[in-house]
Every structure is written in structure tokens, then in C-alpha cells.
Amino acid sequence: RSQDPDVDRSFADARFRSASGNLGYRIGQRGQVGLLGSWSENRFPNQLILGQANKVQLKTISGFANYRIGTMLNVNGSVGRTQVTSPVAGLQDFSGAVWSLGAGYAGPRIGANLSTARSVNGGGGQAAN
């Protein structure tokens with residue numbers, strides 16, 4: 001918070017709510033497959049667009065899997081879809097694929113992880129939404 005009374009940063013105010021959950025099914029002793037769902041709502045009360053506060057809602061559903069190879073290597077991945085909607089006139093809705101892929105090594109003295117992903121999140125400004 002600024003101590004300068006002439007500085008107004010209320011434009012950046014944001015309120016976020018979210019919930020997520022997953023359900024997995026074990027595959028043998030080494031793996032798991034399942035579903036993941038999430039919901040979030042991002043509100044920007046001081047960003048008015050045609051008299052209405054800026055707001056976006058994101059819903060994602062994905063399938064995931066992970067598998068352990070031996071005692072030191074683990075691979076995982078997911079694929080799904082995210083839908084972004086807004087009740088604000090002029091803001092375009094979006095729907096697109098999301099995914100992730102990763103591998104991890106946990107050796108006796110050293111470990112390493114490598115991953116890549118595509119995800120979607122609600123932007124903090126009307127142009128980003």
C-alpha cells in the first residue's frame with residue numbers, strides 16, 4: 001500500500017475464488033490414471049467495462065496419468081480442456097486445450113525434474129482477458 005495519498009492503485013484490486021479436485025485409480029504397483037477438475041472465478045471490481053466490473057470464470061477438466069519406472073524414474077502427463085467465460089459485454093470467451101508432460105529422476109545422491117505444460121489463467125486486465 002502506498003503512503004502517497006495521490007497514488008491510487010485500486011485499479012489493480014482483485015478477488016479470486018477457486019476449487020479443484022481429482023479422482024485417481026491405481027494401476028498395478030507403479031501407476032495411476034484419473035480425472036482432474038477445477039473451477040475459478042477472477043473478479044477485478046475496479047476495472048469497469050461498460051459499467052460492469054471485469055470478471056472471468058475458468059473451468060478445466062483433464063485426464064492424467066503417472067507411472068514409476070524402476071525405483072528412480074517417474075513420468076507423468078495430463079491432457080484436458082479449459083473454458084474461459086465472462087458475462088461482461090465485449091469480452092470474448094475462450095476454449096482450448098491444456099496439457100502437461102514431465103519426468104523425474106530421484107537417484108541415491110541427486111535428483112532432477114523436467115516438465116513442460118500449456119495452461120490457461122485469467123488475466124489481470126481487460127485486454128488480457
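As the structure is a prediction and not an experimental result, all values here were calculated from the model.
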Taking all non-hydrogen atoms of both residues, which atom of Phe64 and which atom of Ser78 are closest, and how far apart?
CB-CB, 3.9 Å
Are the side chain of Thr82 and the backbone N or O of Gly96 linked by a donor-acceptor pair below 3.5 Å?
no
How long is the gap from CD1 on Ile69 to CG on Asn74, to the nearest 0.5 Å?
8.0 Å
Can you measure from CG (Asn42) to CG (Asn54) and round to the nearest 0.5 angstrom?
9.0 Å
Could you measure the distance from the OG1 atom of Thr85 to the CD atom of Gln57? Nearest 0.5 Å is fine.
4.5 Å
How far apart are the closest heavy atoms of Gly37 and Ile61, and which atoms are they?
CA-CD1, 4.3 Å
Output for pair (Arg81 CZ, Lys59 NZ), nearest 0.5 Å, gives 14.0 Å
What one should report as the nearest heavy-atom pair of Ala65 and Val33 is CB-CG1, 3.9 Å
Interatomic spacing from CG in Leu23 to CG in Leu36 - rounded to 0.5 Å:
10.5 Å
Do Leu58 and Phe94 share a hydrophobic cluster (ILVMFWY, side-chain heavy atoms under 4.5 Å, transitive)?
yes
Closest heavy-atom pair and its distance - Val98, Ser62
CG2-OG, 4.0 Å
Close side-chain approach of Pro108 to Met72, heavy-atom, < 4.5 Å
yes
If I compare all heavy atoms of Val75 with all of Ala103, which pair ends up nearest, and what's the gap?
CG1-CB, 4.1 Å
Ignoring hydrogens, what is the shortest heavy-atom contact between Gly28 and Arg26? Give both atom names and the distance.
O-NE, 2.9 Å
What distance do Glu41 atom CD and Arg15 atom CZ have between them, rounded to the nearest 0.5 Å?
11.0 Å
State whether the number of non-hydrogen atoms from other residues, nucleotides or ligands found under 6.0 Å of Arg118 atom CZ is greater than 12.
yes
Kindly indicate, with the supporting measurements, whether the criterion side chain to side chain contact (heavy atoms under 4.5 Å, CB included) is fulfilled by Thr60 and Val120.
CA-CA 9 Å; Thr60 301; Val120 177; over 6 Å; no
Within 6.0 angstrom of Tyr25 OH, more than 12 heavy atoms from elsewhere
no
